[in-house]
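The structure under discussion appears below in the form of structure tokens.
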Amino acid sequence: MSGRIIAFVNQKGGVGKTTTAVSVAAGLGRRNQRVLLVDLDPQANATSAVGVQGRGRAGVYEAMLSEVPVTSCVVTVPADRIDVLPSSPNLAGAEVELVPLMARERRLLAALQDTRDRYDYVLIDCPPSLSLLTINALTAADCVIIPVQCEYMALEGLSRLVDTLDLVRRNLNPGLFILGVVLTMFDPRTRLAAQVVEEVRSHFVQTFTTVIPRSVRLSEAPSHGQSIFLYEPAGKASAAYAALADEVLARTGVAV
Ligand code: ADP
Ligand code: MG
């Protein structure tokens, strides 16, 4: 299988990275895949979105900085049939603490080595920056999924992201590729949203067929510590994320 480790990346905040990482993780869990969700954002939104408290327990920070085995830091979320490697506020300090370390770009890659035979998919939720944490994610990943919000100037900043992917490919991770671009927060009532979809599709042939609709339920689910599949199983948002998870399965070589 190609594309086992997937980073959800876009240096813009609020475009749907965390929502998409959490929902695809849960969608793959429902398809009986063994999934590890890695929360690499110090804000720990993915951790809390699946009902886990990151503060005060070992998580991705300890795995990267103190070489604590990932397997002893993961928390199982039975309702979504996934494991999560939690973030915590001390991850914010990692940016600075990583700088003097040997192989500072490869700490996450090293930490994730012993996930190879335990998980079918490792999904990394990146912070909203092209920082050293994100570089660690891009170095560890086989491929990336880029969430893009259906809004004015949607493509703004994406050329910088593409440049960063090229840089990582040249220096750290030659095999890194874009698995897909996913359009989020689509509002069918606006003409702008439809234009954005067309524009993004014309720039990125890898754009997923599935478009994620704007949904109040999706914005409510995290505060209940539930994925959309638990919070609103029969809604349009869970249908969309189930379809996206199936596209991910198909693109990574798993028949659905
Ligand atoms: P990022 O991780 O890129 O910063 P988030 O996934 O946290 O983005 O999304 C930003 C905000 O938008 C959050 O409050 C989230 O709940 C909300 N949101 C994400 N996707 C949708 C959607 N499809 N419809 C409505 N709200 C959404
Ligand atoms: Mg986020």
Side-chain angles (χ1 to χ4, degrees), residues 6-27 37-52 54 59-60 80 84-89 91-92 94-95 123-131 133-134 136-138 141 144-158 160-161 164 180-190 192-194 196-197 200 207-208 210-233 235-245 247:
I6 306 173
F8 290 75
V9 62
N10 187 332
Q11 74 273 26
K12 242 192 236 182
V15 298
K17 285 182 292 299
T18 300
T19 306
T20 302
V22 168
S23 305
V24 170
L37 174 64
V38 177
D39 188 352
L40 199 58
D41 187 341
Q43 289 188 38
N45 293 334
T47 303
S48 58
V50 293
V52 172
V60 70
D80 282 311
V84 59
L85 178 58
S87 172
S88 55
L91 188 61
E95 281 300 342
L123 307 185
I124 308 170
D125 183 30
C126 290
S129 64
L130 296 173
S131 61
L133 280 174
T134 299
N136 263 270
L138 298 178
V144 300
I145 288 178
I146 306 173
V148 172
Q149 188 181 345
C150 297
E151 51 149 21
Y152 181 60
M153 304 281 275
L155 287 166
E156 190 200 23
L158 286 184
R160 226 185 111 215
L161 175 55
T164 302
V181 172
V182 55
L183 290 150
T184 66
M185 299 182 229
F186 178 76
D187 183 348
R189 291 166 305 183
T190 72
L192 172 69
V196 169
V197 170
V200 171
T207 305
F208 288 107
T210 305
V211 173
I212 308 302
R214 183 171 284 284
S215 147
V216 175
R217 294 283 176 265
L218 266 178
S219 57
E220 291 170 350
S223 63
H224 297 265
Q226 291 185 324
S227 77
I228 192 64
F229 298 105
L230 301 173
Y231 187 67
E232 196 203 17
K236 61 180 187 208
S238 46
Y241 274 117
L244 182 62
E247 280 197 69

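Sequential numbering from 1 along the given sequence is applied to the chain's residues. In each ligand, atom 1 is the first atom listed, and ligand 1 is the first ligand listed.
Closest heavy-atom approach to atom 16 (O) of ligand 1 among the candidates Ser219, Ala237, Cys126, Pro222: Ser219.
Geometrically, ligand 1 and Thr20 share no nitrogen or oxygen pair separated by less than 3.5 Å. Not a single N or O atom of Arg214, backbone or side chain, sits closer than 3.5 Å to an N or O atom of ligand 1. Checked by distance only, ligand 1 and Asp125 stay at 3.5 Å or farther apart across all their nitrogen or oxygen atoms. Of the N or O atoms in Val15, one or more lie within a sub-3.5 Å distance of an N or O in ligand 1.
The protein non-hydrogen atom at the shortest distance from atom 6 (O) of ligand 1 is Thr19 OG1, 2.6 Å. The nearest heavy-atom contact from the protein to atom 8 (O) of ligand 1 is Gly16 N, 3.0 Å. Taking atom 21 (C) of ligand 1 as the reference point, the nearest protein heavy-atom neighbour is Met185 CG, 3.5 Å.
Put simply, CD on Glu156 and CG on Leu158 are 9.0 Å apart, with the number rounded to the nearest 0.5 Å.
Using a 4.0 Å cut-off to heavy atoms of Ser215, the atoms of ligand 1 that qualify are 22 (C), 24 (N), 25 (C), 26 (N). Of all atoms in ligand 1, listed by their number and element, those nearer than 4.0 Å to a heavy atom of Leu218 are 16 (O), 22 (C), 23 (N). Near Gly14, meaning under 4.0 Å from one of its heavy atoms, ligand 1 places the atoms 1 (P), 3 (O), 4 (O), 8 (O), 10 (C).
Only the backbone of Pro213 comes within contact range of ligand 1, with a heavy atom under 4.0 Å; no side-chain atom does.
Side-chain contact check for Lys12 versus Lys17: every heavy-atom pair is 4.5 Å or farther apart.
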**Arg214 and Glu151: CA distance, side-chain angles, deciding distance, salt bridge (charged side-chain N to carboxylate O under 4.0 Å, His left out) verdict** = CA-CA 11 Å; Arg214 183 171 284 284; Glu151 51 149 21; over 6 Å; no

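Residue Gln43 does not count as close to the Mg ion (ligand 2), with no N, O or S atom under 2.8 Å.
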